[in-house]
Amino acid sequence: MRLFAPLCCLAAVSPVLGQFGNNGAPFPNVTYRTGVSPNPAVVLGAQSNQISPPRYPSPWGSGEGEWADAYVKAREFVGQLTLEEKVNLTTGTGWQLESCVGQTGSVPRLGFRALCLQDSPVAGLNVAATWDRDLAYARGEAMGLENRDKGINVLLGPVAGPLGRSPEGGRNWEGFSPDPYLTGQLFATSIQGIQSTGVQACAKHFIAQEQEHFRQTPEARAYGFNITEPGSSNIDDQTLHELYVWPFADAVKAGVASVMCSYNLVNQSAACQNSYLLNQVLKNELGFQGYVMSDWQATLGGVSSVLAGLDMTMAGDIVFDDGISYFGPNLTIAVLNGTVPQWRLDDMAVRIVAAWYFVESDTKVTEEPNFQSWTFDTFGSTHFHVGPQWGTELVNQHVDVRREHGALIRKIGAESTVLLKNNGALPLTGKERLTGVFGEDAGSNPLGPNGCRNHNCDTGTLIVGWGSGQAQAPYQVSPDTALQNEVVSHYGSYESITNNSAITQIAALARRTNDVAGVCIVFANADSGEGFVNIENNFGDRKNLTLWQGADAMIGNVTKNCNNTVLVIHSVGAVELEAYKQHPNITAILWAGLPGEQSGNAIADVLYGRVNPSAKLPFTIGKARSDYGTDVLYTPNQPVPQFNFQEGVFVDYRAFDHRNLTPTYEFGFGLSYTNFTYSDLTITKLDAAAYTPTTGSAEPAPTYGSVDKDPSAHLFPANITRIPLFIYPYLNSTNLSTAYGAAGYGDNTFISEGALDGSSFAHTPSSGPSGGNAGLWDPLYKVCVSIANTGAVAGAEVAQLYVSHGGQYDPVRVLRGFEKVFLGVGEKKQIEFVVRRRDLANWDTGAQDWVVRDGVKVVAVGASSRDLSLTGTLE
Ligand SMILES: *[C@@H]1O[C@H](CO)[C@@H](O)[C@H](O)[C@H]1NC(C)=O
Ligand SMILES: *[C@@H]1O[C@H](CO)[C@@H](O)[C@H](O)[C@H]1NC(C)=O
Ligand SMILES: *[C@@H]1O[C@H](CO)[C@@H](O)[C@H](O)[C@H]1NC(C)=O
Ligand SMILES: *[C@@H]1O[C@H](CO)[C@@H](O)[C@H](O)[C@H]1NC(C)=O
Ligand SMILES: *[C@@H]1O[C@H](CO)[C@@H](O)[C@H](O)[C@H]1NC(C)=O
Ligand SMILES: *[C@@H]1O[C@H](CO)[C@@H](O)[C@H](O)[C@H]1NC(C)=O
Ligand SMILES: *[C@@H]1O[C@H](CO)[C@@H](O)[C@H](O)[C@H]1NC(C)=O
Ligand SMILES: *[C@@H]1O[C@H](CO)[C@@H](O)[C@H](O)[C@H]1NC(C)=O
Ligand SMILES: *[C@@H]1O[C@H](CO)[C@@H](O)[C@H](O)[C@H]1NC(C)=O
Ligand SMILES: *[C@@H]1O[C@H](CO)[C@@H](O)[C@H](O)[C@H]1NC(C)=O
């Protein structure tokens with residue numbers, strides 16, 4: 001099976017160069033968005049078959065700023081390496097050949113260990129619902145510590161792609177929010193938390209993999225879809241910058257060590273070999289100093305990917321366990337035959353080693369991997385995929401790395417539970433005469449908390465979605481267990497039914513609960529996950545926005561009989577709730593997301609008022625699916641499916657505001673058991689230097705050490721045992737034209753214009769080391785408001801600041817600040833938002849820079865995107 005076909009390297013094919021190859025020429029028209037209206041036909045820049053402009057050479061790391069020390073060490077180290085040793089750093093050794101889900105080669109001669117890369121990010125969605133940077137940091141740190149103690153160097157998260165263009169997107173829950181500002185803030189603090197432990201974070205997936213359908217050709221074909229390439233996300237340049245790249249700028253600013261490119265194509269060029277995305281946007285504009293790794297099997301070309309900015313290929317092999325690689329020996333050959341210049345390989349190696357020093361892995365990660373990803377057995381094959389004849393060893397030491405993190409998980413679970421409706425039903429007292437609990441989603445999975453591998457089933461309560469973003473649960477406290485314990489501790493009566501088909505019993509228990517003025521609590525869910533798993537024809541992405549497990553009928557039979565019904569939703573994102581919002585017998589609704597192993601304890605904390613809910617929706621819950629104006633493409637529209645992002649920046653609440661549609665619950669909405677009032681908005685203009693577009697160009701690309709051009713110096717060493725299918729850096733033959741091993745050069749014959757030129761590259765106007773032009777981050781305004789707790793209990797409020805940019809094609813408003821403040825009864829505090837230049841800027845495609853356009857910019861502060869009691873203007 002061959003993944004490669006010509007389309008995926010369009011950016012490296014000569015006709016494209018002929019049209020758009022000159023950096024000085026006007027940008028191809030397809031990257032302009034000239035207008036957006038409810039009629040998508042007028043959106044340019046999101047058209048089928050539009051192409052990504054080539055940008056070469058690949059910028060070499062400057063090692064400026066916070067990265068300076070790491071670069072000094074990395075350059076010195078790389079200067080000692082041979083060609084094969086450098087190649088080893090860039091190439092995974094193959095799927096299931098070593099302990100970790102991804103593992104690079106090593107440099108035994110100098111004691112540099114193989115880097116261990118491991119899933120997973122779990123539910124960023126719930127972190128988003130907390131709107132709490134401190135909790136995001138704490139979670140990141142906790143994950144970092146656990147990973148470090150397992151011997152992991154690179155944690156493959158957090159996630160800001162998918163951003164959440166469509167609520168149906170299967171992996172939205174791995175990330176944070178469809179709002180790029182909220183995502184960017186929590187993405188950055190998560191990264192800082194992870195990297196404080198010596199473990200590298202990996203900002204993924206770059207970029208615009210907004211649906212699972214058609215992300216990979218073989219996967220889609222296995223599902224019976226006849227596609228020839230992964231789908232292409234067609235995006236205009238302004239939307240790319242203002243929406244999808246935005247949080248990645250925060251990540252780079254936060255010092256993220258690595259970035260993972262995604263499976264999809266963007267404007268017909270594979271994300272992992274798209275020179276515009278990797279060379280121009282990530283490495284030039286954002287000044288990214290770390291390295292780019294591919295998603296697993298997302299590398300679709302060798303030389304073409306390397307020249308377009310890919311630094312590491314994962315899992316190393318082209319297709320899992322085919323024993324061949326686009327990197328490995330091919331990269332060694334490509335350097336020897338001159339198609340990859342030494343400076344480019346050196347830059348790849350320096351970036352990888354600098355990232356290692358940048359997070360202080362050298363002193364902080366002392367453990368070698370003490371686990372194996374492929375088995376739970378204690379002893380097993382050293383190289384799992386090839387079996388015991390190639391060695392056996394202690395593969396799993398079963399090290400418990402969790403510390404007291406259960407308490408943090410419980411806290412995040414409660415702090416991320418959004419109270420959507422409350423007719424005075426909550427908090428519960430615990431003294432209810434009878435508590436009736438209903439729903440499969442309240443109970444345990446009879447197969448056990450890890451009974452479905454990768455959580456690839458929706459059985460029992462939902463604590464996480466499926467796929468590589470999930471994690472093994474050490475236990476699972478179900479709502480049924482926690483609520484029963486609670487009620488029993490108050491000497492109350494408790495009955496639960498977790499079989500949604502037991503309609504007779506459900507109706508009877510609801511009626512009995514009603515008769516004694518008790519409380520009925522119903523649990524329901526909706527699941528999604530990664531594309532390699534299909535549950536009930538949900539190929540990763542959800543096929544609808546309704547509840548699963550037959551929950552609607554179950555709920556209907558409860559509400560028909562019980563006039564005090566509390567509804568709790570565990571879901572991967574928005575579900576249709578309008579009917580339940582309107583239902584008189586539903587007295588409260590809570591959205592609890594994917595809370596993890598402390599699920600039951602966390603919901604009990606909120607239901608019984610130990611935690612006063614302060615979470616806010618990190619997405620919009622619309623009345624109807626069609627209201628979002630975006631959706632997954634479920635059926636290929638071409639052999640290379642075309643995802644046309646015709647909505648531009650108008651996703652989620654921006655779409656509802658733009659089209660003046662009333663949602664069920666708006667973005668940023670969430671109730672409390674107390675009330676808050678906002679007052680006293682003041683705006684202070686700060687002294688900031690004028691914005692200076694970056695000019696100039698880079699010094700020539702440095703090289704470190706020299707390459708022995710004699711092919712015989714790079715042959716497979718006689719003294720090592722060759723593990724089958726393992727990816728090594730060595731040559732099989734001194735004849736370079738046959739050493740690559742298979743017929744045909746395929747994708748590697750064409751070298752884009754300027755790609756080999758290491759003399760210089762021009763800095764783009766918005767560029768700067770680590771996050772882009774420093775002026776973008778300058779604070780321009782301080783906005784202060786006072787918030788008072790005017791209710792009867794202490795609680796926290798998430799105050800939100802929105803900006804209206806005021807342009808004809810701008811969203812009505814966009815989130816540009818949030819602060820969570822805790823207030824005792826009667827307490828009043830002043831809080832401060834800082835508005836930075838980038839918060840007020842638009843991306844100008846013509847200028848290829850951010851501009852703050854003239855005109856009045858309005859700020860509004862309040863409790864949600866539609867509850868904004870205070871407004872002011874910025875001059
Ligand atoms: C953009 O280019 C296409 C051909 O590539 C052309 O048909 C179209 O008219 C151009 N649009 C504009 C606005 O220039
Ligand atoms: C490349 O990495 C592999 C796996 O870690 C190791 O066995 C081999 O010795 C390395 N080669 C070189 C040249 O360092
Ligand atoms: C799949 O699509 C390709 C390209 O459109 C076409 O040539 C081929 O016949 C199709 N195969 C099947 C089995 O339909
Ligand atoms: C080099 O890459 C080509 C695809 O471009 C592949 O066919 C070949 O097997 C690779 N060689 C090795 C040794 O991995
Ligand atoms: C150089 O080597 C690479 C990797 O094997 C190959 O793809 C490319 O076609 C070769 N180029 C030349 C000019 O031999
Ligand atoms: C709910 O039902 C109970 C029992 O029938 C009744 O006493 C109570 O008044 C009802 N409450 C409402 C709000 O209708
Ligand atoms: C939506 O999908 C879920 C999961 O496959 C399914 O249980 C449910 O019945 C579907 N809803 C409708 C209205 O078909
Ligand atoms: C009660 O459950 C039955 C069986 O699933 C279903 O047909 C019926 O519509 C439900 N009743 C209500 C009011 O939802
Ligand atoms: C609400 O519950 C009561 C029982 O207390 C029932 O009589 C009534 O029909 C229910 N209302 C609806 C709209 O289902
Ligand atoms: C909050 O305010 C509303 C009306 O402004 C009032 O009905 C409600 O009782 C208050 N809630 C609390 C908990 O003080």
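The basis for the numbers below is simple: all heavy atoms, side chains too, and nothing from hydrogens, waters or symmetry mates. First listed ligand is number 1; within each ligand, the first listed atom is number 1.
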Handout entry: Ion pair Asp515/Arg511, N-O distance below 4.0 Å
Key = no

Exercise for the section: Any atoms of ligand 9 less than 4.0 Å from a non-hydrogen atom of Asn514? List them with their elements. Expected result: 4 (C), 5 (O)

Exercise for the section: Would you tell me which option among Leu331, Ile751, Asn337 has the nearest heavy-atom contact to atom 1 (C) of ligand 5? Expected result: Asn337

Practice task
Could you check whether the rings of Phe225 and Phe539 sit parallel, tilted or perpendicular, using 30° and 60° as the cut-offs?
Solution key: perpendicular

Problem - Distance filter under 4.0 Å to Asn563 heavy atoms, resulting ligand 9 atoms - result: 2 (O), 5 (O)

Exercise for the section: Under 4.0 Å from a heavy atom of Thr559: give me the atoms of ligand 9 that qualify, with their elements. Expected result: 1 (C), 2 (O), 10 (C), 14 (O)

Handout entry: Short N-O contact, Asp347 and Lys86, less than 4.0 angstrom
Key = no

Fill in the blank from the handout: of all protein heavy atoms, closest to atom 9 (O) of ligand 9 is Lys560 O, 4.0 Å

Exercise for the section: Would you kindly specify which portion of Asn330 sits under 4.0 Å from ligand 5, judged on non-hydrogen atoms: side chain, backbone, both or neither? Expected result: both

Practice task
Please work out which of the three classes, parallel, tilted or perpendicular, describes the rings of Tyr730 and Phe716, given edges at 30° and 60°.
Solution key: perpendicular

Exercise for the section: Identify whether NZ of Lys or CZ of Arg in Lys421 sits under 6.0 Å from the centre of the six-membered ring of Tyr580 and within 45° of that ring's axis. Expected result: no

Exercise for the section: Would you mind checking if Lys543 and Asp631 are paired as a salt bridge, meaning a charged N to carboxylate O distance below 4.0 Å? Expected result: no

Handout entry: Nearest non-hydrogen partners of Val87 and Gly328, listed with the distance
Key = CG1-O, 3.3 Å

Problem - Residue, atom name and distance, where the atom is the protein heavy atom closest to atom 4 (C) of ligand 3 - result: Thr228 CG2, 4.1 Å

Fill in the blank from the handout: Numbered in order shown, the ligand 3 atoms found under 4.0 Å of a heavy atom of Asn226 are 1 (C), 2 (O), 3 (C), 8 (C), 10 (C), 11 (N), 12 (C), 14 (O)

Exercise for the section: For Ala334 and ligand 5, answer yes if some heavy atom of the residue is under 4.0 Å from a ligand atom, otherwise no. Expected result: yes

Handout entry: Heavy-atom nearest neighbour in the protein, as seen from atom 5 (O) of ligand 3, with distance rounded to 0.1 Å
Key = Pro639 CG, 3.5 Å

Completion exercise
Of Leu577, Leu590, Asn525, the one forming a side-chain contact (heavy atoms from CB on, under 4.5 Å) with Ile569 is Leu577

Exercise for the section: Tell me which protein heavy atom sits closest to atom 13 (C) of ligand 9, plus the residue, atom name and distance to 0.1 Å. Expected result: His583 CE1, 3.7 Å

Practice task
Consider ligand 9: state whether an atom of it lies below 4.0 angstrom from any non-hydrogen atom of Arg511.
Solution key: no

Practice task
For the residue pair Trp60 and Phe761, categorise the inter-ring angle as parallel (less than 30°), tilted (30 to 60°) or perpendicular (more than 60°).
Solution key: perpendicular

Practice task
Kindly state if atom 7 (O) of ligand 3 has a protein heavy atom within a strict 4.0 Å cut-off, that is, under 4.0 Å?
Solution key: no

Exercise for the section: Enumerate the atoms of ligand 9 whose separation from the nearest heavy atom of Asn585 is less than 4.0 angstrom. Expected result: 1 (C), 2 (O), 3 (C), 8 (C), 10 (C), 11 (N), 12 (C), 14 (O)

